[in-house]
Amino acid sequence: PGASLSRYITDVIFGSDTVGSFSLVDTTGTPVTRFRGYITANQLVAVQLRCPIKCAANANVGITTSMTNSSLTIQGYVGP
């Protein structure tokens, strides 16, 4: 997003056809897990965060998962 800007995650929507877990990872330097979720088969989970998760400035958000057939939507904004 820019040298002095951070990503703020406000909502996470995740679905899968198998049991497993997923993580949102701040990928600046040593990866830091910012959010972790667990899901059962054929389930959709929607999480609306009261306090946004702030990622490091100028960092990407990575995704790790233990499942092969899944979908993820991340919503939020960019700010200082």
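Throughout, numbering of the chain's residues begins at 1 and tracks the sequence.
The salt bridge (charged side-chain N to carboxylate O under 4.0 Å, His left out) analysis of residues 59-76, with sequence neighbours excluded, yields no pairs. Annotation: ring-ring contact (aromatic ring centres under 6.0 Å, His included) contacts involving residues 42-71, sequence neighbours excluded, are absent. Residue pairs meeting the side-chain hydrogen bond (donor to acceptor under 3.5 Å, both in side chains) criterion with at least one member in residues 40-53, sequence neighbours excluded: Thr40-Gln43. Counting only residues at least two apart or in different chains, ring-ring contact (aromatic ring centres under 6.0 Å, His included) contacts with residues 43-64 are absent.
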Tell me, with the steps shown, if Leu49 and Val47 meet side-chain contact (heavy atoms from CB on, under 4.5 Å).
CA-CA 6 Å; Leu49 303 167; Val47 180; 3.7 Å; yes
Kindly indicate, with the supporting measurements, whether the criterion side-chain contact (heavy atoms from CB on, under 4.5 Å) is fulfilled by Ser21 and Ile39.
CA-CA 6 Å; Ser21 64; Ile39 192 168; over 6 Å; no
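Residues satisfying the ring pair (Phe, Tyr, Trp, His ring centres under 6.0 Å) test with Tyr38, not counting sequence neighbours, are none. The salt bridge (charged side-chain N to carboxylate O under 4.0 Å, His left out) search around Arg34 returns Asp26, not counting sequence neighbours. Applying the side-chain contact (heavy atoms from CB on, under 4.5 Å) rule to Thr18 yields the partners Ser16, Met67; only residues at least two apart in sequence or on another chain are considered. Applying the side-chain contact (heavy atoms from CB on, under 4.5 Å) rule to Asn60 yields the partners Arg7, Thr27; only residues at least two apart in sequence or on another chain are considered. Remark: Ser23 pairs with Arg36 by the side chain to side chain donor-acceptor pair (under 3.5 Å) rule, at least two apart or across chains. Annotation: side-chain contact (heavy atoms from CB on, under 4.5 Å) contacts of Ala57 (sequence neighbours excluded): Ser6.
Through direct or indirect side-chain contacts shorter than 4.5 Å among Ile, Leu, Val, Met, Phe, Trp and Tyr, Leu44 is connected to Ile13.
Taking the six-membered ring where tryptophan is involved, the planes of Phe35 and Phe22 are tilted, since the angle between them lies from 30° to 60°.
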Check residues 68-79 and write down every donor-acceptor pair under 3.5 Å in which the side-chain atom is one partner and the other belongs to a residue at least two apart or another chain.
unit_1: Asn69; atom_1: ND2; unit_2: Asp17; atom_2: OD2; d: 3.4

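For the atom pair Leu24 CG and Ile63 CD1, the distance stands at 6.5 Å (nearest 0.5 Å).
The cluster map of Ile, Leu, Val, Met, Phe, Trp and Tyr, joined by side-chain heavy atoms under 4.5 Å apart, puts Tyr8 and Val61 in different clusters. Residues Phe14 and Ile9 fall within the same hydrophobic cluster, defined by Ile, Leu, Val, Met, Phe, Trp and Tyr side chains chained together at heavy-atom separations under 4.5 Å.
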